[in-house]
Structure formats: structure tokens, C-alpha cells
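Both ligands and their constituent atoms are indexed starting at 1 by order of listing. Note that the structure is a prediction, hence the values are computed from the model and not measured.
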Amino acid sequence: MAGSAKDRLAGEVAEIVGGPQVLTEPDLMAGYLVDWTGRWRGPARFVARPATTEEVAGVVAACARHHTPLIPQGGNTGLVGGGVPGPDRASGPSARPDPGLPVVLSLGRLEVVEPIDTAARQVTVGAGVTLGRLQLAAEQAGLAFGVDLTARDTATIGGMVATNAGGVHVLRYGPMRAQVVGVEAVLAGGQVISRLTGLEKDNVGYDLSGLLVGSEGTLGVVTRARLRLITRPRARVTALLGLSGTAAAVDLLAQLDLPSLTAAEIFYADGVERVGHHTGLAPPFPTPSPAYLLLECAGPTDPTDELADALDSAGPVHDTAVATDSTSRAGLWAYRERHAETVAALAGAGAPHKLDVSVPVAHLAEFEARVRGLIQQVHPGAIAVLWGHVGDGNLHVNVVGPDPNDEAVDDAVLRLAASLGGSISAEHGIGRAKLPWLALVRSQAELAALQAVKTALDPARLLNPGVLLPG
Ligand SMILES: Cc1cc2nc3c(=O)[nH]c(=O)nc-3n(C[C@H](O)[C@H](O)[C@H](O)COP(=O)(O)OP(=O)(O)OC[C@H]3O[C@@H](n4cnc5c(N)ncnc54)[C@H](O)[C@@H]3O)c2cc1C
């Protein structure tokens, strides 16, 4: 039942969102309290599921009155533990609600896709709309959305704005930051700010929408976003190339003069072999290559010849497979997209260490070579599975073997990325997972500025404490 008489806050929230939308039973809350990887979990006072901006504002204001922390949650596909409660408080069955526990604010019911503004090529959507639904709506209007990622059917626009999600098309269209025209959000006291006019030119003071992009639920709760749409490409071609290694992939990409290039993904022989074991996919080529580069081009006319010409004049390639129809293209993409589930299955109950980093592209090959050796040095026998967005210098380093709470391997990998002029988070954010390493890539002055912004917008530190910045 929503809000036993013992929990006044749950009762107040039930008045706002309706009793059935306040989850207090452990089995109903369970899925909201553990992240996608299984590495991050913690207790909550209850889960609230508002359906409108007004309801979100009401819940946030009620939590503020009760000095209760809030954890915004979208599709819960985040990979740094930012959307679930922290494990820092002892949990256990108790007849009384613990007033110190946070409330999980699930935004999945804010799922309105407003009519597409074809003149401006923009759309306003609720925070709970999944990327897949947005893509479909855009497609039906003859347009497309510039960001794509494997978790498209679950990840929400609110979560993607909050993490400044990247994905496979960043090299062509940029990350979420480049798609967001404006944001509507609820601030820590329950006030609503709204920048949804869609004006491309609006130079009036600080860019509050921009501030919320990448803020990981620590500055406000995103309730709606106004997004740019792009021309829907009429034709696509996908090519999978077998190469001698990361250096060959980087060199080849540097030589390609391909205005229609939308994706350049890298993965490796050991990963493809594991994907094959997990999914039953046959190897892409009779002889494995050390590295694979997946290229995709898209445009108003068939880009196949443009890609073929560019590849002819580029460096040596072991093997090539080209696909133009959607089924064959999906077949090539499967080698890349099924890495994440393969690693999750490998880890079993152990939970993988997911270390998403970027380095300057010129250092990518060095990083890839050194990180494999480093992982073995720190944890002999660990399984390392790597893949990433080569054009962005972004590798996802997945490590299975070390205990989830043993952070020695995280420390080594993040320090190596930072030492090469890279970032400890390319696209997933800081969350809880990377907080101890923030100072590797942010100066004291920058950290102080981040804290000042947080204090200005959330003085009581009720929004996602312990995420992105120390609680
Ligand atoms: C298989 C797989 C592939 C992935 N591939 C990519 C990829 O290529 N690129 C990439 O960038 N990410 C990727 N991710 C990570 C994840 O999908 C993104 O981080 C995504 O943006 C999270 O969206 P979500 O709705 O699931 O957010 P959640 O996981 O629910 O939350 C993520 C963060 O955003 C905050 N938040 C959520 N909703 C709101 C809101 N409405 N207002 C304020 N804060 C909010 C949370 O508090 C948390 O800090 C992948 C994940 C998986 C499982």
C-alpha cells in the first residue's frame, strides 16, 4: 500500500501521484534499486512514479520539506551507478520507514511525444520517452534523431540528457548536448524552469538547459526536452573490415575522406569470439583478424560507391564485408552491439567493471596495448573485453574477474587514460562509480566551481547526493 500511516512523506506523495504510483513493497521496488550491471544497489524509502511535470514538482517539493534525498531514474541503463541508491547505508527489513533513505523518482511515465515541428525540425518529448520511441516518431515524420545507442529501447531522453549520452553517431552529429535546444526541469525546491520555445537564437543569460545536460540528476529533474531532428538518410551502407590492430584502424580512419560517415566502431578478435560463444553468431570471416572496424555511411543517395572508392585508396585490410539492406546491416552491427550482453553474461553474478574512457585519437593504439597489460598486472587472469567508438578516441574497457568492490583495476585503467591526456568518462558520466577519480581530470579550481554551482541550485544537497560530486 502506498505510504503506511508511519510514513507521512509517502502519504503526501501518494496524494500527488496516486497511491498505486508509490511503491513501498520490496518486491515492487527491487528493479529500481539495482543498476543494469548489478554492481550498484542500495535501499530506498519508496519509489515514486509521477506522470506529469506538475506531479514531479509536487514530489520534489514534498521531499524538500521533509529533507529527504531524491534519486531521479529513467530507464536505469546507466553504467556508473548514478540512477540507483548508494550502498552507503545499512539496509534490512524494517517495519518503520527509514527517514534517512532516499526516494527513487522514476520518470518513466512522462512519456508524451508532442507533435513534431517539421518547420523547425524539432520535437518536444517527455523525460520518460525511450530513445527507440523518439526514433520511430521522427522516422514517421521523415526525419531522424542524431543520437543512437544499443540501449535504445530502454534508455530515456531524460537519462540521456542527464548523462549527455554519446553513442555511435557522435562523429557525425555530436552527443546529446548538440541535440538539445532546451529543457524543462524541476529544481531542488520544486520550482519549474522551462526553456522549450525552440528558439535557435536566444541569448538571454546563462544557458540553464546546457547546465542540466550532463548534470546526472544533481542540479534538477529533467521533465521535458526540446530536441533537434535531422534529415532522415535515405540510404545506408555498412562495412565490416578486418584489420591488424587499433593503429591500423586509426590510420585508416584518418585517411578516409568520407562526408557521409556516421559511425566508426572498433572491437577485437577475443570479443568477437566471446560474442560468438554467447549468441551463436558465426564468425564474420573465415580467419579472425586482431581488430575489426565497423564503418557506416548514410546520406540522401546511396553512399556505397563513395565508401568503396575511399576504402580502395586507404591502407591494407584483411577482410571486408559490405551490407546495404537493413537485415544484412543489422547482421554486421550484431557483432558490435552484442558485446555488452556478452560481458554481462560472462560476469554472471560477479558484475563487470565497466570503464568507459577516452584518449586523444593519436594515443588510442598505445592506450589499448598498455591497458591490456596493465589489467593482467593488477589482476592476473582477469578477462578484458574492449570495444568502442574509434573516431571519438573512446574505448569501453570491460573487466571481469576482480571482485566488484576491488577497485584496483579501475584505479589503474583510469589513471592510464588520464596520463595520456584522456578522460575518465567519455560518455557514461561519473555517477558513483568514478567519483574517487574526479580530481584526476578536474583541477581544484574546476572542482570548486562545480561545487559552487551545486550549492547554488541545490543548497540542501537533496538531488542525487553522492553522485558526480561528493555528497
Ligand atoms: C547495452 C548498453 C549500451 C549503452 N551504450 C551507450 C552508448 O553507446 N553511449 C552512451 O552514452 N551510453 C550508453 N549506455 C549507457 C546508458 O544507456 C546511458 O547513460 C543513458 O543515457 C541512460 O539513460 P537512462 O534513461 O537509462 O538513465 P538512468 O540509468 O535511469 O540514469 C542515468 C543518470 O541520469 C539521471 N537521470 C535519469 N533521468 C533523469 C531525469 N529525468 N532528470 C534528471 N536526471 C535523470 C540519473 O539520476 C542517473 O544519474 C549504454 C547502456 C547499456 C546498458
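Arg121 and Thr231 form a side-chain donor-acceptor contact under 3.5 Å, judged by distance and modelled atom types alone. For the residue pair Gln135 / Asp148, a side-chain donor-acceptor distance below 3.5 Å is found, with atom types taken as modelled. No side-chain donor from either of Arg372 and Tyr268 sits under 3.5 Å from a side-chain acceptor of the other.
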Cut-off 3.5 Å, no hydrogens considered: what does the side-chain donor-acceptor table look like for residues 183-196, sequence neighbours left out?
| from | atom 1 | to | atom 2 | distance (Å) |
| --- | --- | --- | --- | --- |
| Glu184 | OE1 | Thr53 | OG1 | 2.6 |
| Glu184 | OE1 | Thr223 | OG1 | 2.7 |
| Glu184 | OE1 | Arg224 | NE | 3.3 |
| Glu184 | OE2 | Arg224 | NE | 3.3 |
| Glu184 | OE2 | Arg224 | NH2 | 2.9 |
| Gln191 | OE1 | Gly189 | N | 3.2 |
| Arg195 | NH2 | Asp202 | OD2 | 2.4 |

Per-pair distances, 0.1 Å, donor-acceptor, side chain in residues 277-284, under 3.5 Å, sequence neighbours excluded:
| from | atom 1 | to | atom 2 | distance (Å) |
| --- | --- | --- | --- | --- |
| His278 | NE2 | Glu341 | OE2 | 3.3 |
| Thr279 | OG1 | Val275 | O | 2.6 |
| Thr279 | OG1 | Leu281 | N | 3.1 |

What side-chain donor-acceptor pairs closer than 3.5 Å can you find for residues 165-180, not counting sequence neighbours?
| from | atom 1 | to | atom 2 | distance (Å) |
| --- | --- | --- | --- | --- |
| Arg172 | NH1 | Ser260 | O | 3.1 |
| Arg177 | NH1 | Gly210 | O | 3.4 |
| Gln179 | NE2 | Tyr173 | O | 2.9 |
| Gln179 | NE2 | Gly174 | O | 3.2 |
| Gln179 | NE2 | Pro175 | O | 3.1 |

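Protein residues with a heavy atom closer than 4.0 Å to ligand 1 are Trp36, Pro72, Gln73, Gly74, Gly75, Asn76, Thr77, Gly78, Leu79, Gly82, Gly83, Leu107, Ala127, Leu149, Thr150, Ala151, Ala155, Thr156, Gly158, Gly159, Met160, Ala162, Thr163, Ala165, Gly166, Gly167, Glu216, Gly217, Gly220, Val221, Val222, Ala340, His389, Glu427, His428, Asn464, listed by chain and number.
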